[in-house]
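Every number for a ligand or one of its atoms is a count from 1 in the order of the listing. Quantities reported herein were computed from a predicted structural model and do not represent experimental measurements.
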Amino acid sequence: MNKTYCPSLTEYTRRLSREVRIGDVPLGGLNPIRVQSMTTVDTMDTLGSVEQTLRMVEAGCEYVRITAPSVKEAQNLLEIKKELRKRGCTVPLIADIHFTPNAAELAARIVEKVRVNPGNYADKKKFEVIEYTDASYQAEVERIRERFRPLVQICKQYGTAMRIGTNHGSLSDRILSRYGDTPLGMVESALEFLRLCEEENYYDVVLSMKASNTQVMVQAYRLLVQKLDEEGLQPYPLHLGVTEAGEAEDGRIKSAVGIGTLLEDGLGDTVRVSLTEAPEAEAPVARMLIDRYTHRAAQAKPIRPLGRNLVVGAQLSVVSSSATPDNRQPSTDNQQPTTNNSLIPVNPFQYQRRHTHEVLNFGGANVPRVIADLSRLPRLEYADLRAAGHLYTPFLDKFQMSDLGADYIYSGPRPVPFMLPNGLKEIVTYTAWQAAGRRPDHFPLLTPDRYLGDLVELHPQLNFLLLDLATLTPRLLTHLRQDRTVVAVLDTTNAHAMPELRRAFFELINAEVTCPVVIHRAYPLANPAQTQLDAATDIGGLLIDGLGDGVVLCADLLPAAASQDEWLHSLDQLNQLAFGILQAARTRMSKTEYISCPSCGRTLFDLQETTAMIRKRTDHLKGVKIGIMGCIVNGPGEMADADYGYVGVGKGKIALYRGQTVIKKAVPEEAAVDELIELMREDGRWIEKEVVGESVGV
Ligand code: SF4
């Protein structure tokens with residue numbers, strides 16, 4: 001199987017894409033990775049749209065997308081554009097089209113770019129499984145091509161760019177019937193439209209493969225690049241985004257896991273972060289994700305040459321490309337060599353967890369574990385375990401474990417002087433472990449030198465071994481192959497953290513070492529917002545590839561004089577972040593998941609307010625996924641993964657879904673949240689919220 005989809009899996013190199021002209025702001029090629037977002041006001045509100053666009057540009061948007069549900073909104077884009085230009089704003093505008101070719105054909109004459117969704121552009125989506133013969137399938141493709149061709153010709157004539165933007169949730173019945181709800185179906189959905197563009201010698205195309213499920217999203221983009229190359233299509237630029245990422249921390253973590261993983265692969269030419277917040281809040285998050293790569297090569301220390309056991313990069317190939325259709329695309333000379341990843345030991349297009357043997361409750365079929373590093377707390381008392389998600393209630397003199405309770409704490413050289421609650425276990429330094437005697441639920445952390453020493457005494461069940469890429473010597477790998485008590489704690493200080501850690505995992509796999517591995521990273525807490533995105537990228541990217549059996553996040557660079565409370569606050573944030581990353585990468589579900597759309601000019605209710613209200617009532621339902629969609633355009637397909645759906649179907653009217661089946665068609669908005677809860681109650685999935693008073697840290 002050809003697994004080639006990016007220049008390198010083990011060091012950062014950006015994929016060289018074809019440059020596409022979008023107004024005065026070109027995309028792809030050697031241009032910087034661009035930031036964009038979408039307005040949320042009604043497109044018929046000209047001044048509202050203009051003012052929001054200006055705020056978005058001020059916040060850092062380099063392109064602004066505006067929905068055009070019908071011809072009248074498409075026509076009003078002209079008024080919006082005129083007013084913006086009158087005010088000196090030249091930002092390129094993008095019309096967002098679903099279902100309506102005539103709106104697209106009009107908008108393409110007005111704005112700099114149109115976005116079409118191949119799942120619903122002259123195609124249908126009724127959740128019908130229809131058996132297509134080859135002939136009837138082909139006839140349907142021909143019908144769509146005839147409907148799409150005029151738009152391509154208009155775009156070509158007016159110099160308008162186009163995004164073919166596939167959404168996981170809105171694949172057509174035809175694609176679903178042949179490919180299923182899969183990354184391959186998403187890719188084929190776009191390629192059908194793309195082939196027609198190339199037949200018409202139209203190349204100003206950008207591609208996207210969005211999904212709310214980060215694993216599906218990452219796999220689809222990777223597969224798309226591989227298919228473009230395999231078919232000899234142009235290396236079109238990629239627009240990256242996670243749909244319905246949600247709001248606040250969860251939305252940012254989920255976006256970073258999906259988008260950051262692809263940026264680490266060197267993929268992506270423009271980023272849209274979709275948050276259920278004001279669109280001005282999205283651009284700074286996208287900018288923070290992108291900026292990490294802007295000067296990266298200069299900052300990073302080099303990764304050492306390829307390891308002894310690693311075969312990646314043994315052969316090189318060149319990105320193939322069809323004939324150069326005009327002088328705006330990269331010539332063969334500046335296409336970069338692409339690593340042949342066909343021998344890599346993971347499948348980048350399909351999730352498969354690395355095979356590990358079980359060590360106590362690590363690895364095997366266990367969920368990834370969370371370790372809270374409390375070793376740098378100035379002091380550690382009973383109630384301070386709240387920083388690890390274990391809440392002490394003085395009134396009851398009892399511990400209460402939240403859904404975000406760490407599985408282990410690391411206390412370094414100072415073992416805790418009290419019994420640990422809730423099955424919590426402790427890791428200490430080797431010396432402290434020896435000095436403390438053989439306490440139950442107490443395990444040592446060793447360095448490789450200590451582990452390989454002659455007189456080492458090991459715990460019979462579980463020993464933690466601190467490793468990095470440089471310490472994976474043949475002797476150590478031989479020991480690890482045989483030892484059934486070791487859990488590796490894998491670390492790096494390389495600015496190219498994710499590729500170096502990925503390379504270390506490849507070394508372990510190729511050496512047939514099956515011990516569980518906990519990923520360890522330290523981040524400066526001076527900038528928690530950046531730490532949130534960086535950690536989600538570094539660790540989420542590995543989890544998406546099935547690598548990692550646990551996470552330990554460490555606070556770094558807090559001022560030496562930081563108080564106990566500052567430490568506790570920071571450690572609590574890191575503990576929540578670790579669980580958030582595992583959830584966003586879909587490897588351990590510990591809280592309710594909200595798949596909420598970012599809202600746009602089609603939205604039929606106040607998305608932010610409603611999401612906050614639903615969250616308030618349901619955030620104690622561990623593992624339940626709730627989709628909240630402003631309109632029916634993409635839902636319920638957009639929330640393909642959700643257990644329940646809350647979808648706007650008219651002014652003040654909500655449809656409620658169980659999975660993808662509509663259960664109540666037009667519930668008045670005031671009663672809709674209660675009805676949603678009633679639906680969960682009927683399914684036996686509702687539990688009353690426990691009211692906990694007086695808990696420390698609640
Ligand atoms: S689902 Fe939300 S973002 Fe998507 S079109 Fe509808 S209202 Fe707009």
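Under the 4.0 Å criterion applied to side-chain N and carboxylate O atoms, D619 and K591 are not assigned as salt-bridge partners. Between R143 and E146, none of the side-chain N atoms (NZ, or NE/NH1/NH2) sits under 4.0 Å from a carboxylate O, so this pair counts as no salt bridge. Salt-bridge formation is not detected for the pair E79/K86: no Lys NZ or Arg NE/NH1/NH2 atom is positioned less than 4.0 Å from an Asp or Glu carboxylate oxygen. Electrostatic pairing of R195 and E200 does not count as a salt bridge here, judged by no charged N lying under 4.0 Å from a carboxylate O.
No cation-pi contact links R178 to Y132, judged by a cut-off of 6.0 Å to the six-membered ring centre and 45° from its axis.
Among the backbone and side-chain atoms of C597, an N/O/S atom is found under 2.8 Å from atom 2 (Fe) of ligand 1.
The contact set between ligand 1 and T603, taken as ligand atoms under 4.0 Å from a residue heavy atom, comprises 7 (S). Each of the following atoms of ligand 1 lies closer than 4.0 Å to a heavy atom of C600: 3 (S), 5 (S), 7 (S), 8 (Fe). Near G630, meaning under 4.0 Å from one of its heavy atoms, ligand 1 places the atoms 2 (Fe), 7 (S). Proximity to R602 (heavy-atom distance under 4.0 Å) selects the following atoms of ligand 1: 5 (S).
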